[in-house]
Amino acid sequence: QVQFVESGGGLVQTGDSLRLSCVASNDADINYATGWFRQAPGKDREFVAAIRWSGANKYYADSVRGRFTISKDHKKNTVYLQMNNLKPEDTALYFCGADKSGRGTGRYEDWGQGTRVIVSS
């Protein structure tokens with residue numbers, strides 16, 4: 001099982017930037033991929049970005065590609081989501097999970113509690 005703790009959310013204005021952090025505790029002994037997801041009130045969960053264990057392979061939703069960047073720091077057991085040029089449509093609860101297949105495009109589980117991002121216009 002992987003435990004995630006997300007942080008870094010906040011209230012910002014259109015065009016601002018935020019960096020989200022996802023600190024992991026890995027007891028699964030699996031080189032999992034980490035994915036960032038988001039969910040707005042009344043909306044379904046939406047994939048945002050993912051990164052493989054090695055950090056070499058990254059995946060982005062079309063809605064955030066070019067604005068968001070996912071990265072990881074192995075020493076800190078942390079995956080980051082740098083969000084630039086934020087839009088009101090980015091407002092959501094952001095949380096991360098583990099793809100234990102390691103691909104980054106598989107099934108996610110072990111969800112964290114999330115961190116709130118609000119972008120005002």
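Only a predicted model underlies this, so the values are computations on that prediction, with no experimental measurement involved.
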Test side chain to side chain contact (heavy atoms under 4.5 Å, CB included) applied to Tyr59 and Arg103, step by step: CA-CA 10 Å; Tyr59 308 92; Arg103 298 190 303 272; 5.8 Å; no
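- Of all heavy-atom pairs between Cys22 and Trp36, the closest is CB-CZ2, 3.5 Å.
- Atom NZ in Lys43 sits 10.5 Å away from atom OG1 in Thr91 (nearest 0.5 Å).
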For the pair Val12 and Ile118, evaluate side chain to side chain contact (heavy atoms under 4.5 Å, CB included) and give the outcome as yes or no after the intermediate values. CA-CA 6 Å; Val12 298; Ile118 301 175; over 6 Å; no
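- Shown here for Cys96 and Thr34, the closest heavy-atom pair between the two residues is CB-CG2, 4.2 Å.
- Applying side-chain hydrogen bond (donor to acceptor under 3.5 Å, both in side chains) to Arg67 and the options Asn85, Asn84, Asp90 leaves one that passes, Asp90.
- Rounding to the nearest 0.5 Å places CD of Gln82 at 12.0 Å from CD1 of Ile70.
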Test side chain to side chain contact (heavy atoms under 4.5 Å, CB included) on Asp44 and Glu46 and set out the steps. CA-CA 6 Å; Asp44 293 332; Glu46 178 186 20; over 6 Å; no
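- Closest heavy-atom contact between Trp53 and Lys72: O-NZ, 2.9 Å.
- Taking each heavy atom of Leu20 and Gly9 in turn, the nearest pair found is CD2-N, 3.6 Å.
- Here the OG-CG distance, from Ser21 to Asn77, works out to 12.5 Å after rounding to the nearest 0.5 Å.
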From CA spacing to verdict: side chain to side chain contact (heavy atoms under 4.5 Å, CB included), Gln3, Val23: CA-CA 8 Å; Gln3 298 182 67; Val23 180; over 6 Å; no
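- Relative ring orientation between Phe47 and Tyr108 is described as tilted, the plane-to-plane angle lying within the 30° to 60° band.
- Checking side-chain atoms of Thr78 against main-chain N and O of Lys76 turns up a donor-acceptor pair under 3.5 Å.
- A cation-pi arrangement is absent between Arg65 and Tyr60, since the terminal nitrogen or guanidinium carbon is not both under 6.0 Å from the aromatic centre and inside a 45° cone about the axis.
- With hydrophobic clusters built from ILVMFWY side chains whose heavy atoms lie under 4.5 angstrom apart, Phe37 does not share a cluster with Val79.
- We find the CG-CZ distance between Asn57 and Arg52 to be 4.5 Å, quoted to the nearest 0.5 Å.
- Separating the CG atom in Leu93 from the CD atom in Gln113 is a distance of 9.0 Å, to the nearest 0.5 Å.
- In this structure, Gln13 places its CD atom where only 12 or fewer heavy-atom neighbours from other residues, nucleotides or ligands lie under 6.0 Å away.
- Atoms CE and CZ, on Met83 and Phe68 in that order, are 5.0 Å from each other to the nearest 0.5 Å.
- In the hydrophobic cluster analysis, where Ile, Leu, Val, Met, Phe, Trp and Tyr join through side-chain heavy atoms closer than 4.5 angstrom, Val48 is grouped together with Leu86.
- Contact detail for Ala24 and Phe4: the closest heavy-atom pair is CB-CE2, 3.6 Å.
- Note: the hydrophobic cluster containing Ile51 does not contain Tyr80 (ILVMFWY, side chain heavy atoms under 4.5 Å, direct or indirect links).
- Without hydrogens or angle criteria, Glu109 side chain to Asp99 main chain gives no donor-acceptor distance under 3.5 Å.
- The cationic group of Arg38 does not satisfy the cation-pi geometry with Tyr94, failing either the under 6.0 Å distance to the six-membered ring centre or the 45° limit from the ring axis.
- Closest approach of Ser121 to Thr14, counting heavy atoms only: CA-OG1, 3.5 Å.
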